[in-house]
Colleague: 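What follows is a structure written as structure tokens; I'll ask about it next.
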Amino acid sequence: MKARVAVLVSGGGTNLQAILDESQRGNMPHADIALVVSNRADAYALERAKAAGVKSMVCLRPGLEKKLLEALKENRIDLIVLAGFMTILSENFVKQYPERIINVHPALIPSFCGKGYYGLKVHEAALAYGVKVSGATVHFVNEVPDGGRIIAQKAVDVLDGDTPETLQRRIMEQAEWVLLPRAVEQVCKQIVEEEK
Ligand code: GAR
């Protein structure tokens, strides 16, 4: 048996791609990537889902959460993965999926996280502070933005001359794309074992 996964995206979808690639390689035996949901109609991530033959849909505000909940139920989704999903889900939504939503954040929580810290802004803040190490965190999602229990973290060096873009790329390559597929498989395995 496999756990059914929905991946929520907003943009380029490189983290989605990392999950699809690892799944394709046979390294995620407990995960079935069943659905991709975007809150933007023009997200390139939707092309990636299509190329991989994964069902996808767009949910826009207003009504995003209602539509999303219906789709999750219809597709019998066990685990929700936020992979560059740039909107905060309400407390009411999150409470319906306790320890069944995970997120990848491009810094070492509790640094450079919470409301307003997303995408390149996170790396701009890390460079402005002058940290020598940053990284990525995969964590469960609760009602506090970036506040849920940590599943995995990986440190990445900040180098002299880094721009937000070069730092973002290094953190993706060395941390996010490695940690996220692994964490998804780990949580899916737990779900499958609990249901046995
Ligand atoms: C990733 O760096 C992800 O960690 C970050 O946005 C980027 C999405 O890239 N997410 C957040 O900042 C959430 N707070 P992708 O669309 O190529 O996966």
Side-chain angles (χ1 to χ4, degrees), residues 1-37 45 68 72 77-91 93-115 117-119 122-123 125-126 131 133-157 167-168 170-196:
M1 198 212 133
K2 291 183 180 210
R4 291 174 62 79
V5 178
V7 185
L8 276 50
V9 296
S10 299
T14 64
N15 279 288
L16 166 67
Q17 191 67 55
I19 293 169
L20 294 171
D21 291 348
E22 277 301 282
S23 174
Q24 183 70 33
R25 287 186 199 109
N27 293 334
M28 301 179 69
H30 298 88
D32 177 6
I33 313 305
L35 181 67
V36 170
V37 181
L68 180 56
L72 297 172
I77 296 301
D78 300 298
L79 179 69
I80 302 163
V81 178
L82 310 185
F85 189 58
M86 301 302 187
T87 184
I88 294 181
L89 293 166
S90 73
E91 186 170 343
F93 182 98
V94 167
K95 279 193 169 149
Q96 298 186 49
Y97 285 90
E99 302 235 320
R100 288 290 181 272
I101 311 176
I102 70 177
N103 178 49
V104 60
H105 183 73
L108 294 174
I109 292 174
S111 292
F112 312 116
C113 66
K115 205 163 181 273
Y117 286 100
Y118 58 88
V122 177
H123 307 295
V131 292
V133 174
S134 190
T137 304
V138 179
H139 63 94
F140 286 111
V141 172
N142 65 9
E143 62 286 357
V144 180
D146 295 325
R149 187 158 69 85
I150 290 174
I151 301 168
Q153 288 188 301
K154 192 164 188 285
V156 174
D157 285 338
L167 181 58
Q168 178 182 52
R170 188 176 318 108
I171 289 175
M172 283 177 157
E173 285 175 356
Q174 294 184 10
E176 297 184 47
W177 301 343
V178 183
L179 289 186
L180 187 60
R182 231 187 253 165
V184 173
E185 167 58 18
Q186 182 191 317
V187 177
C188 284
K189 189 165 181 258
Q190 275 166 20
I191 293 173
V192 169
E193 279 166 5
E194 275 167 25
E195 281 182 10
K196 261 186 201 162

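FYI, side chains are in, hydrogens and waters are out, and symmetry mates aren't considered; it's all heavy atoms of this structure.
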Colleague: Working to the nearest 0.5 angstrom, can you tell me the gap between Ile151 CD1 and Asn103 CG?
Modeller: 9.5 Å
Colleague: Measuring from His123:NE2 to Gln168:CD, what's the distance to the nearest 0.5 Å?
Modeller: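 Those atoms lie 4.5 Å apart.
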Colleague: What's the separation between atom CD1 in Ile33 and atom NZ in Lys2, rounded to the nearest 0.5 Å?
Modeller: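 Output value for this atom pair is 8.5 Å.
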Colleague: Any side-chain heavy-atom pair from Phe85 and Ile101 closer than 4.5 angstrom?
Modeller: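 No, every pair of side-chain atoms sits at 4.5 Å or beyond.
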Colleague: Working to the nearest 0.5 Å, report the span between CD1 of Ile171 and OG of Ser134.
Modeller: 4.0 Å
Colleague: Show the nearest heavy-atom pair for residues Ala83 and Leu180, with the distance to one decimal.
Modeller: CB-CD2, 4.1 Å
Colleague: Is it true that, when you exclude Phe93 itself, more than 12 heavy atoms of the residues, nucleotides or ligands shown sit nearer than 6.0 Å to its CZ?
Modeller: yes
Colleague: Any side-chain to backbone donor/acceptor pair from Asp32 onto Arg4? Under 3.5 Å, distance only.
Modeller: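 Side chain of Asp32 to backbone of Arg4: no pair is present.
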Colleague: Given 3.5 Å as the limit, does a donor-acceptor pair link the side chain of Lys154 with the main chain of Gln174, or not?
Modeller: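 Yes.
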Colleague: Using distance only, find each side-chain donor-acceptor pair of residues 104-114 under 3.5 Å and give its atom names and separation, not counting sequence neighbours.
Modeller:
| from | atom 1 | to | atom 2 | distance (Å) |
| --- | --- | --- | --- | --- |
| His105 | NE2 | Phe112 | O | 2.7 |

Colleague: Table please: side-chain donor-acceptor pairs of residues 181-196 below 3.5 Å, with sequence neighbours left out.
Modeller:
| from | atom 1 | to | atom 2 | distance (Å) |
| --- | --- | --- | --- | --- |
| Glu185 | OE1 | His30 | N | 3.0 |
| Glu185 | OE2 | His30 | ND1 | 2.6 |
| Glu194 | OE1 | Arg100 | NH2 | 2.9 |

Colleague: Measuring from atom CG of Asn142 to atom CG of Leu89, what distance do you get when rounded to the nearest 0.5 angstrom?
Modeller: 12.0 Å
Colleague: Do Val133 and Asp157 have side chains that approach each other closer than 4.5 Å (heavy atoms only, starting at C-beta)?
Modeller: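 They are in side-chain contact.
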Colleague: How long is the gap from CG on Leu82 to CG on Asn15, to the nearest 0.5 Å?
Modeller: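 CG of Asn15 is found 11.0 Å from CG of Leu82.
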Colleague: Determine whether Tyr97 and Leu72 make a side-chain contact, defined as any pair of heavy atoms from C-beta on separated by less than 4.5 Å.
Modeller: yes
Colleague: What's the shortest heavy-atom distance between Ala31 and Val5, and which atoms?
Modeller: CB-CG2, 4.2 Å
Colleague: Report, as yes or no, whether the 6.0 Å neighbourhood of atom CD on Gln24 holds more than 12 heavy atoms from other residues, nucleotides or ligands.
Modeller: no
Colleague: Where is the tightest heavy-atom contact between Ala126 and Leu167, given as atom of each residue plus distance?
Modeller: CB-CD2, 4.4 Å
Colleague: Looking only at non-hydrogen atoms, find the nearest pair between Ala136 and Glu176 and report the distance.
Modeller: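 It is CB-CG, 3.6 Å.
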Colleague: I'd like to check Ile19 versus Val81 (side-chain heavy atoms, cut-off strictly below 4.5 Å). Are they in contact?
Modeller: yes
